[in-house]
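Note on naming: letters A, B, ... go to the chains in the order of the sequence lines (proteins, then strands), and numbering restarts at 1 for each one.
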Number of protein chains: 2
Amino acid sequence: MATIAEVARLAGVSPTTVSHALSGRRAVSEETRRRVQEVMDQLGYSPRRAAQNLATGGTRLLGLIVPDISNSFFAELAKGVEEAAIDAGYNMVLCNSAFNHDRELLYLETIRSRAVDGVVYAAGSPTTHREMADSLGSIPVVLVDEEVLGSSTCSFVSDNAEGGRLAAEHLIGLGHTDAVILSMAGLASSDDRAQGFSDAWVSHDLPQPVVIGGDFTYDGGYAALAKAVGPLHDIDFSAVFATNDLMALGAMKRLMEIGLHVPQDVSVVGFDDINIAGMTNPGLTTVRQDVWQLGFRAAEALIASIDTSCPPPAERHVQPVELIVRGTTSLCMTDAD
Amino acid sequence: MATIAEVARLAGVSPTTVSHALSGRRAVSEETRRRVQEVMDQLGYSPRRAAQNLATGGTRLLGLIVPDISNSFFAELAKGVEEAAIDAGYNMVLCNSAFNHDRELLYLETIRSRAVDGVVYAAGSPTTHREMADSLGSIPVVLVDEEVLGSSTCSFVSDNAEGGRLAAEHLIGLGHTDAVILSMAGLASSDDRAQGFSDAWVSHDLPQPVVIGGDFTYDGGYAALAKAVGPLHDIDFSAVFATNDLMALGAMKRLMEIGLHVPQDVSVVGFDDINIAGMTNPGLTTVRQDVWQLGFRAAEALIASIDTSCPPPAERHVQPVELIVRGTTSLCMTDAD
DNA sequence: TTGTACGCGTTATCAT
DNA sequence: ATGATAACGCGTACAA
């Protein structure tokens, strides 16, 4: 391993000058810069990050905490965060909490030890641990997709209530009158979507949709829908609004298993527009949120906060959503009650 | 930020003792350990990673290079790597190359600067850049899923040829005689799968399957299948083997668009068994590889190499695969030629 | 069982 | 435009 001292010696200058030739933070004569560059190339010199970190007090590392990177929603988020990180010369440490408390505590220690300069935190469950909030206090944090630590933290979210409303208006326009909502109770984002849907529904003087709880997963959607159907596979609804796509897909699976066709018998609307929403047959009608953008902007804000040594402004940034109509919704064919 | 010196002062001991009380690498009296622990708790002390890194020469960081974290195959791989990393007290830096050369060069610089102690490298394209190979030489590397740097590097792969054979035997058992293969030419893993399939096919005296090239993506599969059908949507095959699931799904999309039913008209087999393979309708018949395990074992080997300062043994670790029969394959209904 | 002293490789400060 | 020197905070031989 070449050190800065070696480079300096071979180039006949001081380590200080080598450092500045590299960083450009101080004027260096063209002649000197060239000679230094030559020696560096020859030695394949690259400054050691560990030493830079100690000297500067930073790590050029961002932490991204997500509940499940296998959910392509969070994978897309990660790509947005990474892009912003790269643009600013940072790298990204992926922390997949996997809904595991022990794992989260481990990552807290990572944060406490200042292994990263800041954190983008996408919470996956309603319960946020006090330890998390406390530890995060020591370095800048921005919340994405889910607000959990109270209003005092900078957050980037989609317009969830509006998304719920869009889904409802679409189904109402197709003549549906009876709907069920599949939602993960307690998760703010899910609750907001369900509420937006419900509000729009009743504002049209339609019967209040029943809310059925379930995890934010494929299996969660499958199980939730199972709870919605009667013992003889009889249903009293013609539309299903799932507060995320994975749940919607799970629900569709269950519907098909009991012999109900989508969209002929039941229309289904999801939320997120993850990449597989367009791959199913029929394609899933859903509310699209630009999660890449969410991650990108969140990371940008985080980096700005790090670079200026100011905590991220405690603002709530809300991004618009969009209804994507595919094949899982159609005109209501069932008789009105 | 509390330092080790402060803790030492308040506990009335030397920094050395504080260090050892924390690491346990040297005996410390129970009485002293307790007092030190008390002060640390009180100050919320946590040693700074940057300083530890400089002192030890390591970073406790693993790099994971993948072409696309949105592909749940690589997300699952990441989870396996992360698990092994966590178990050994490491964190994982995610490097999503996104098939982008500039991005790869950027990550090379990350590696050269010793920002990570080792790299798990999942190559996503046939062309591997010499710069990559050279830079990786400076720190331990293990290859996963794809062997690109020559046989001198430690690698963990699935039994791709056997997987292709399993797919072929399954289809042959169902009476199929004419198949096409959708493969990403040049990618060793894809080529091996295609070859295994082809070999099994001709060993049954069936006509050699036509290989159609395409990217390892949903769109790639869609486009590849489009190339396989005649201008009047006529086909001369009853079975499709795609060398990954995403391609298979894209191909199915195209098949349905031109009015062909899966599996009634055409049977489809994929490879990987990514999580969405079971979510489609019908579920995708595919060759399962345990990619989590692949990542876990690769990371374990990498960490062992780091901890022992020995380069990873240049072995090729092959993992078994398994055929998962779902709904996209059925008895061949078309007349034999 | 505990302490002293040094080194890790860089950047900031001050001086020239 | 360049150089000398002092941290940065920790781990660890070596000494006691």
Quiz item: What heavy-atom pair brings B:A50 and A:N53 nearest, and what distance separates the two atoms?
Solution: CB-CB, 3.7 Å
Self-check item: Exercise: identify the closest heavy-atom pair between A:E146 and A:A123
Solution: CB-O, 3.8 Å
Quiz item: Rounded to the Å, how far apart are A:R25 CZ and C:dT13 C1'?
Solution: 13 Å
Self-check item: Selection from C:dT11, D:dT5, C:dT2 that lies nearest to any side-chain heavy atom of A:S19
Solution: C:dT11
Quiz prompt | Nearest-nucleotide comparison on DNA chain C, the residue closer to the 5′ end among B:T32 and B:L54 | solution = B:T32
Self-check item: Inter-residue atom distance A:C154.SG - A:E315.CD, 0.5 Å rounding
Solution: 7.0 Å
Practice problem: For DNA chain C, determine which residues of residues 34-52 of chain B have any heavy atom closer than 4.0 angstrom to one of its atoms, and list them numerically. | Solution: none
Quiz item: Hey, is the main chain of A:T3 close enough, under 3.5 Å, to the side chain of A:E6 for a donor-acceptor pair?
Solution: yes
Self-check item: Value in whole Å for how far the C1' atom of C:dT11 lies from CD1 of A:I4
Solution: 9 Å
Quiz item: Would A:K79 and A:E83 pass as an ion pair if we require N to O under 4.0 Å?
Solution: no
Quiz item: How many Å lie between CG on B:L22 and C1' on D:dT12, as a whole number?
Solution: 15 Å
Quiz prompt | Along DNA chain C (nearest heavy atom to each residue), the more 5'-positioned of B:A55 and B:R26 | solution = B:R26
Quiz item: If we fit an axis to the first five pairs and another to the last five of the helix from C:dT1-D:dA16 to C:dT16-D:dA1, what angle do they make, to the nearest 10°?
Solution: 30°
Exercise. Report yes if at least one side-chain N or O of A:S29 is closer than 4.0 Å to OP1 or OP2 of D:dT2; otherwise report no.
Key: yes
Practice problem: Can you see which heavy atom on B:R35 is nearest to which on B:A11, and at what distance? | Solution: NE-O, 3.0 Å
Quiz item: Could you state the CD-P distance from B:E6 to D:dC8, rounded to the nearest angstrom?
Solution: 11 Å
Exercise. Could you state the atom-to-atom distance from NE2 of A:H20 to P of C:dT11 in whole Å?
Key: 8 Å
Practice problem: Take B:M92 and B:L61, measure what side chain to side chain contact (heavy atoms under 4.5 Å, CB included) needs, and give me the verdict at the end. | Solution: CA-CA 6 Å; B:M92 184 182 77; B:L61 244 33; over 6 Å; no
Quiz prompt | Closest to side chain of A:T16, choosing from C:dT10, D:dT5, C:dG3 | solution = D:dT5
Quiz item: Can a side chain N or O of A:T17 be found less than 4.0 Å away from OP1 or OP2 on D:dT2?
Solution: no
Self-check item: Face-on cation placement of B:R297 at B:F156 ring, 6.0 Å and 45° thresholds
Solution: no
Quiz item: Would you say the side chain of B:D117 lies within less than 4.5 Å of the side chain of B:L302, judging by non-hydrogen atoms?
Solution: no
